[in-house]
Chemist: 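Attaching a single structure in structure tokens format; questions to follow.
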Amino acid sequence: MSAGGPNDHPISDILNYGLEVYGKETDENFKALAALLSKKELEDFWSAEIGWQSSKENAANSILQKLDWAKQRAKNSGWESQE
């Protein structure tokens with residue numbers, strides 16, 4: 001992931017600059033996902049499942065699926081949850 005400024009990379013746009021990339025709800029889900037994955041896991045997921053050419057709809061579906069998986073992993077690992 002690049003270390004540039006705003007509009008350089010979707011991950012940093014959402015997490016570091018608070019820019020809307022995939023839509024408000026999807027970006028909030030992405031932030032929740034980022035809290036449950038390591039930086040490498042998040043970058044690998046983005047590269048494999050979303051990437052530069054993904055539609056907002058595809059990104060929303062992929063992020064939601066991965067978030068559900070990450071929440072389940074956290075629950076099974078004994079992490080405390082806000083839910």
Side-chain angles (χ1 to χ4, degrees):
M1 183 171 75
S2 300
N7 298 308
D8 187 47
H9 194 283
I11 294 175
S12 60
D13 287 349
I14 295 168
L15 300 179
N16 299 338
Y17 301 107
L19 300 177
E20 189 171 304
V21 175
Y22 301 114
K24 186 176 179 177
E25 183 178 347
T26 300
D27 289 356
E28 289 301 318
N29 286 336
F30 192 80
K31 290 174 187 176
L33 180 61
L36 295 171
L37 300 180
S38 71
K39 182 179 177 182
K40 180 171 179 4
E41 286 176 317
L42 188 66
E43 290 173 357
D44 289 349
F45 160 72
W46 186 87
S47 293
E49 300 294 327
I50 299 172
W52 295 105
Q53 303 301 318
S54 184
S55 69
K56 287 184 178 187
E57 183 179 332
N58 180 59
N61 291 334
S62 294
I63 291 166
L64 196 53
Q65 275 188 324
K66 189 68 169 186
L67 180 57
D68 288 342
W69 174 86
K71 285 179 178 178
Q72 189 62 44
R73 178 179 75 167
K75 182 179 177 182
N76 291 341
S77 298
W79 290 13
E80 292 189 26
S81 175
Q82 298 286 332
E83 294 182 12

Chemist: Which residue pairs pass the side-chain hydrogen bond (donor to acceptor under 3.5 Å, both in side chains) test with at least one member in residues 61-70, sequence neighbours excluded?
Modeler: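 Output for this query is empty, none listed.
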Chemist: Applying side-chain contact (heavy atoms from CB on, under 4.5 Å), can you list everything that pairs with Ala70, at least two apart in sequence or on another chain?
Modeler: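 If we apply the side-chain contact (heavy atoms from CB on, under 4.5 Å) test to Ala70, skipping adjacent residues, the hits are Leu33, Leu36, Leu37.
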Chemist: So, do Asn7 and Tyr17 sit near enough that their side-chain heavy atoms are less than 4.5 Å apart?
Modeler: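 Asn7 vs Tyr17: side chains apart.
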Chemist: Salt bridge (Lys or Arg N to Asp or Glu O under 4.0 Å): which pairs involve residues 24-33, sequence neighbours left out?
Modeler: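 Every salt bridge (Lys or Arg N to Asp or Glu O under 4.0 Å) pair that includes a residue of residues 24-33, provided the two are not neighbours, is Glu28-Lys31.
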Chemist: Nearest 0.5 angstrom please: Ile14 CD1 to Glu20 CD, how far?
Modeler: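 Those atoms lie 9.5 Å apart.
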Chemist: How long is the span from the CG atom in Asp8 to the CG atom in Leu19, to the nearest 0.5 Å?
Modeler: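 Spacing of CG (Asp8) from CG (Leu19) equals 11.5 Å.
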Chemist: Verify, without hydrogens or angle tests, whether Thr26 (side chain) and Gly23 (backbone) share a donor-acceptor contact under 3.5 angstrom.
Modeler: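 Not at all, since once roles are kept as given, no pair shorter than 3.5 Å links the two residues.
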Chemist: In terms of hydrophobic clusters joined by side-chain contacts under 4.5 Å, are Leu64 and Val21 together?
Modeler: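 No, it is not one cluster - the side chains of Leu64 and Val21 are not joined through contacts under 4.5 Å.
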Chemist: Listing request: all side-chain hydrogen bond (donor to acceptor under 3.5 Å, both in side chains) pairs with a residue in residues 44-59, at least two apart in sequence or in separate chains.
Modeler: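 Every pair satisfying side-chain hydrogen bond (donor to acceptor under 3.5 Å, both in side chains) with a residue in residues 44-59: Tyr22-Trp46, Lys40-Asp44, Ser54-Asn58.
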Chemist: Quick one: are Phe45 and Ile50 in side-chain contact, heavy atoms under 4.5 Å?
Modeler: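 Touching, per the 4.5 Å side-chain cut-off.
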